[in-house]
Amino acid sequence: MASSRRRSRPTSTGARGPLALPRRARPEPLTTPRLPLDRRSLESADFAIVDSLDPVVKAQQCFDDLLIPADHPGRLPSDTYYISRPGGKEESSAADTLLRTHTSAHQSTLMREGNEAFLCTGDVYRRDEIDASHFPVFHQMEGVKLFDPAVVGGAMTREEWLASEGCQLIAADLKKTLEGMCDELFGPVEKRWIDEYFPFTEPSFELEIFYNGDWMEVLGCGVIHSGVLENAGLQERHGWAFGLGLERLAMVLFAIPDIRLFWTDDKRFTKQFTAGQYDTFKPYSKYPPCKKDIAFWIPDGFEPNDFYELGRGVAGELVETVALIDEFTNPKKGKTSHCYRVTYRSMDRSLTDEEINALQNELRSKTESELGVELR
Ligand code: DAH
């Protein structure tokens, strides 16, 4: 739910459920060699490890508990996989059931249950664009630490809290802890803190590191918002929280070029990694790609995420990228055309022309019938 996240407009095509996820989208535990990130480097004896919570949650947990307003773009059916939306597709309510979009969804419940410090890891789901770094399911780790009120202070107004020494102490502890974690993961690297905005932390920050010649965002974090603690019945408490995307980190650490590789059964990939060991990925020859273009006039309110999702539904993890390669408006007709290049490629085998043509034809006809576009 970072502010840098892609924002979408409301969709007129409705809430499609999570059915369009690739068949194998149920995650394996993170300790399998497929996600070769050694979690021990992030763990400390003081943190409870929570990693088997159900990814199906209420919007109350995923959004409302965290002060994410009903009209936040992340709550739209074009971004989030809803399982049920009793108020109808236009109405976002706390009672909606969905696949969690971030592990922050468990913060409030875990704190309410009395956990003082925890690392909560799990699969999270987002409808998004299709390229080498986006997949509709990925993993996050959430860290939370509450502090002793005798040290940082107890109940006070939000303004008092933000001006207090306790708040500064927590922010300093947060930064020190996360800088230490980064050094452990990447070696001593150059870091910088960016002021950020998250509805559920105040103040909020993003940590970036200088890695392979570029500044890279590693995580979002902050001092837990007084309102979040109040919602959880903990108005006397204060603490910090952070959220970390695991595939992104592993891709950088191990030079893994495509997020779909985490889901491959290809021995050439799986054999390269041993849990707890840092290895750099040695590329092997890829199976050939096949590119197909599809062009259409878009209807009013057309939402590209809906088209990407159709692509996921039709071809699952065989879609490598979907890129908008041409867009123009015909002034006479007053209509806009989009042309997308769909790249099909399997991580595990060669695809035949026949099957790709069948997939592309299915995509064409579903785009027409489900999204109401006019194919060109
Ligand atoms: N939930 C945020 C995301 O998915 C990441 C995050 C930011 C988690 C700040 C936090 C936090 O706990 O304090 O983008």
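We're numbering straight along the sequence, starting at 1. None of the values given here were measured: they were computed from a predicted structure. Indexing begins at 1, ligand by ligand and atom by atom, following the structure's order.
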Colleague: Going by the atom numbers of ligand 1, which of them fall below 4.0 Å from some non-hydrogen atom of Thr201?
Modeller: 13 (O)
Colleague: Would you say Glu320 and Thr343 are linked by a side-chain donor-acceptor pair, where the criterion is simply a distance under 3.5 Å?
Modeller: no
Colleague: Would you kindly say whether Tyr344 and Glu355 are connected by a side-chain donor-acceptor distance under 3.5 Å?
Modeller: no
Colleague: Would Gln140 count as being in polar contact with ligand 1, using the rule that some N or O on each side must be under 3.5 angstrom apart?
Modeller: yes
Colleague: Where do Cys167 and Pro203 come nearest, in terms of heavy atoms and distance?
Modeller: SG-CD, 4.0 Å
Colleague: Applying ring pair (Phe, Tyr, Trp, His ring centres under 6.0 Å), can you list everything that pairs with His134, at least two apart in sequence or on another chain?
Modeller: none
Colleague: Mind checking what makes ring pair (Phe, Tyr, Trp, His ring centres under 6.0 Å) contact with Phe186, not counting sequence neighbours?
Modeller: Tyr211
Colleague: Looking only at the side chains, is there a donor atom on one of Lys335 and Thr329 sitting less than 3.5 Å from an acceptor on the other?
Modeller: no
Colleague: Atoms of ligand 1 less than 4.0 Å from Gly222 heavy atoms?
Modeller: 13 (O)
Colleague: Who gets closest to atom 9 (C) of ligand 1 by heavy atom: Gly220, Gly243, Gly143?
Modeller: Gly220
Colleague: At a 4.0 Å threshold, what atoms of ligand 1 neighbour a non-hydrogen atom of Gln107?
Modeller: 12 (O)
Colleague: One residue to check: Trp240. Relative to ligand 1, which of side chain, backbone, both or neither has a non-hydrogen atom less than 4.0 Å away?
Modeller: neither
Colleague: Does ligand 1 have a heavy atom under 4.0 Å from the side chain of Ala241, from its backbone, from both, or from neither?
Modeller: both
Colleague: For atom 4 (O) of ligand 1, which candidate among Arg126, Glu142, Glu202 holds the nearest heavy atom?
Modeller: Arg126
